[in-house]
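I have placed the structure first, in the form of C-alpha cells, so that the comments after it can refer back to it.
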Number of protein chains: 2
Amino acid sequence: MSLSDLFEGDIVEAGAQVRIEPIQQRSTARLSGLLDATAIVVDEVGFDRITTAMVAERAGASIGTVYRYYPDRVAVLHALRERVIQRYRLRVARDIKLADPKTPWETIDCAITAFVDMYRTEPGFRIMHFADRERLPISAVSPADGIEVGFLAGQLAVVLSERFGLSYGPELLFRLEVMVEMAAAVLSRGFQSDVMGDERYIAEARRVLSVYLAGYYGEELEQHGTAAPVLESAE
Amino acid sequence: MSLSDLFEGDIVEAGAQVRIEPIQQRSTARLSGLLDATAIVVDEVGFDRITTAMVAERAGASIGTVYRYYPDRVAVLHALRERVIQRYRLRVARDIKLADPKTPWETIDCAITAFVDMYRTEPGFRIMHFADRERLPISAVSPADGIEVGFLAGQLAVVLSERFGLSYGPELLFRLEVMVEMAAAVLSRGFQSDVMGDERYIAEARRVLSVYLAGYYGEELEQHGTAAPVLESAE
DNA sequence: ATTTCCATGATTGAGTTCCGATCGGTGACG
DNA sequence: CGTCACCGATCGGAACTCAATCATGGAAAT
C-alpha cells in the first residue's frame with residue numbers, strides 16, 4: 001500500500017449515499033454545488049435548523065434536485081461531512097509532501113496545522129466534530145483484533161510507517177486513533193470559545209500530542225532527532 | 001464556594017428551557033418521564049431521527065404535553081443533555097465523597113470511572129458527546145481572561161483546589177477543560193466500537209489524563225504520593 | 001467536418017405526506 | 001370550584017415524490 005494509493009483513490013466527491021451516480025458533466029457540478037450550499041447554511045443556521053429548502057435555494061436548484069442525489073435531509077449532511085473529511089485528507093497529504101517532515105512529530109504537526117486552517121477557511125468544517133458519527137461507513141476493520149480504523153488514523157499510520165519505519169499494525173493504528181480523537185476534541189473546543197480558534201487550546205493540542213507521541217515513539221527515534229516540544233508548566 | 005454549594009444547588013430536574021414550571025406534583029413526574037422517553041428514543045433511533053411523536057408515545061403522553069413543557073423539539077434534547085450532565089455531576093460528587101481520593105489523580109480517576117459507568121447504564125448518555133453544543137448556555141465566564149468554563153471543569157477545579165491546594169484560577173480551569181474534552185472524546189470513541197466500551201480506549205484515556213495531570217501538578221504534589229500510572233509502551 | 005436528431009440524463013415545482021407546533025375543550029388536583 | 005394539567009383534532013410548514021419538461025452529448029446523416 002503506497003501513499004498515492006491512499007490519497008488518490010476515490011477522489012469522487014459524492015458521499016456514500018448518493019442515489020444516482022452523476023453521468024453528465026453538469027450534474028457533478030450540481031452535486032458539489034449542493035454541498036457548498038449545505039456548508040454555508042450549516043454555518044449560518046446551525047446543524048439542526050437546516051432545511052432542504054434552504055439548501056436548494058442557496059444552490060440555485062429546486063427541491064427535487066436535492067432529492068435526486070440524496071435520499072433524505074440527513075444524508076446531505078453526512079455527504080458534507082465526508083467531503084470535508086476527504087478535503088482534509090487531501091490537504092494533509094499535500095502539506096506533508098510540501099513540508100517534508102523529518103520526524104513523526106512534524107508529520108502530526110502538519111495534520112494539526114491543516115485542521116486549524118480548514119476550521120478557519122472551509123465552510124461547514126465544524127460538522128466534523130458536531131455531526132452524529134454513528135452511521136458512518138466503516139472504512140476498514142483491522143482483521144487482527146477488530147479495531148475500526150478511521151480514515152485519518154489509517155492514512156497517518158501509512159505515512160509514519162513508510163517515512164519513519166514505525167511498525168504498521170494495530171498498536172500504531174490505535175494510538176493514532178486516540179490522537180485524532182484528542183486533537184479534534186481540544187481543537188474544536190478552541191473554536192467553540194473563539195470563532196478564529198483560541199490559541200491556547202491550539203497550543204495545548206500540539207503539546208498534548210507531542211508528549212503522547214514521544215511517550216510511545218520518543219526513544220526509539222532519537223537518531224532522527226525528535227523536535228517534539230516538552231510539556232512545560234506554561235504561563 | 002464550598003463543595004455542597006456546587007453540587008446541591010439547583011437539583012431541579014428541568015432543563016433551562018422549560019416553558020412552565022411544574023406546580024402540581026404529578027407534573028414533575030411527567031417532566032422526568034418525558035426525558036426518560038427521550039433518552040430511550042435517542043438510543044434507539046439516533047440523534048437526528050427522533051420525533052416528538054415518538055417521545056410522546058414512549059412517555060404515555062400526548063403531543064400537547066410535550067409542548068406544554070418544551071418550546072420545540074431541540075429544546076427537549078437540550079434538556080435531556082442537561083439532565084444527563086447534572087446526574088453525572090451528582091454521581092461524581094457522590095463517588096468522590098465515598099472514595100475519598102488522596103491525590104488529584106484519584107479524583108480525576110473517579111470522574112472517568114463514573115463516566116464509563118454512566119455510559120453503560122444511563123440511557124441517552126451518548127448525547128453528551130454527540131449533541132450540538134453550540135447553543136448551550138454559558139454557565140460561567142472566568143472574569144480574568146475570558147475562558148468559558150464548563151460545568152464539569154468548574155466543579156473539578158473546586159474539588160482539586162479545596163482538597164489538594166491546587167491554586168484555583170484560569171490555568172487550572174483551562175487544564176481541566178482540556179482534560180474533560182480529551183477524556184470525553186477518547187472514551188466516547190471507545191463506546192463507538194463497542195457498546196459496552198472498548199477497554200483499550202478506556203485504559204488509554206486514564207493513561208493520557210494521568211500523564212497530563214502529572215505534567216502540570218506531578219512534582220509539586222510529591223508529598224501526597226501521586227499514584228498516577230506511568231505512560232508505558234504497553235502491549 | 002458540420003449539422004441534425006434523439007435517447008437519456010437532469011431539472012423542475014406543484015402536489016402529497018408527514019411532522020412540528022397550536023389551542024380550545026375536558027379532566028384532575030388541592 | 002378555580003386553577004393546573006392533559007388531550008388530540010387541527011393547522012402550517014417542511015420533507016419528500018413524480019409526471020412533465022428541458023438539456024446534453026454522442027451518433028447518424030450529409
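Order of the sequence lines fixes the chain letters, A, B, ..., with proteins taken first and strands second; residue numbering starts at 1 for each chain.
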query: Can you name the side chain to side chain donor-acceptor pair (under 3.5 Å) partners of B:Glu57, sequence neighbours left out?
result: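 With sequence neighbours excluded, B:Glu57 shows a side chain to side chain donor-acceptor pair (under 3.5 Å) to no residue whatsoever.
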
query: By side chain to side chain donor-acceptor pair (under 3.5 Å), which residues pair with B:Arg94, not counting sequence neighbours?
result: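 Partners of B:Arg94 by the side chain to side chain donor-acceptor pair (under 3.5 Å) criterion come out as none, since no residue qualifies.
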
field: Contacts of type salt bridge (charged side-chain N to carboxylate O under 4.0 Å, His left out), residue A:Asp72, not counting sequence neighbours
entry: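 Counting only residues at least two positions away or on another chain, A:Asp72 forms a salt bridge (charged side-chain N to carboxylate O under 4.0 Å, His left out) with B:Arg49.
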
message: Which residues pass the salt bridge (charged side-chain N to carboxylate O under 4.0 Å, His left out) test with A:Glu44, not counting sequence neighbours?
response: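 A:Glu44: salt bridge (charged side-chain N to carboxylate O under 4.0 Å, His left out) contacts with A:Arg58.
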
Quick one: side-chain contact (heavy atoms from CB on, under 4.5 Å) partners of [X], sequence neighbours excluded?
X: A:Ala29; value: none
X: B:Ala205; value: B:Val186, B:Leu187
X: B:Tyr88; value: B:Val92, B:Ala111, B:Ala114, B:Phe115, B:Met118, B:Phe125, B:Leu152
X: A:Ala39; value: A:Leu80, A:Pro123

Please tell me if [X] has a side-chain N or O lying less than 4.0 Å from either OP1 or OP2 of [N].
X: A:Ser62; N: C:dT11; result: no
X: A:Tyr69; N: C:dT11; result: yes
X: B:Arg30; N: C:dC29; result: no

Check nucleotides 14-16 of chain D against the protein and report each pair of N or O atoms closer than 3.5 Å, with its distance, or say if there are none.
residue	atom	partner	partner atom	Å
D:dA15	OP2	A:Thr52	N	3.1
D:dA15	OP2	A:Thr52	OG1	2.8
D:dC16	OP2	A:Tyr67	OH	3.2
D:dC16	OP2	A:Arg73	N	2.8

What integer distance in Å separates [X]:[atom1] from [N]:[atom2]?
X: A:Tyr70; N: D:dT17; atom1: OH; atom2: P; value: 16 Å
X: A:Glu57; N: C:dG13; atom1: CD; atom2: P; value: 12 Å
X: B:Arg68; N: C:dG24; atom1: CZ; atom2: P; value: 15 Å

message: Which heavy atom of A:Ala93 sits nearest to which heavy atom of A:Gln155, and what is that distance?
response: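 Scanning both residues completely, I find the closest heavy atoms to be N-NE2, 4.1 Å.
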
message: Can you pull out every salt bridge (Lys or Arg N to Asp or Glu O under 4.0 Å) where at least one residue sits in residues 107-116 of chain B? Sequence neighbours excluded, please.
response: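 Counting only pairs at least two positions apart or across chains, the salt bridge (Lys or Arg N to Asp or Glu O under 4.0 Å) contacts touching residues 107-116 of chain B are B:Asp109-B:Arg206.
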
Please enumerate all protein N or O atoms sitting under 3.5 Å from an N or O of nucleotides 16-18 of chain C, with distances to 0.1 Å.
none

field: Distance in Å, A:Arg207 CZ paired with A:Arg200 CZ, rounded so as to fall on 0.5 Å steps
entry: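 Here the interatomic distance stands at 12.0 Å.
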
task: Would you work out how much the helix from C:dA1-D:dT30 to C:dG30-D:dC1 bends between its ends, with each end axis defined by five base pairs, to 10 degrees?
output: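 Rounded to the nearest 10 degrees, the bend comes out at 20°.
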
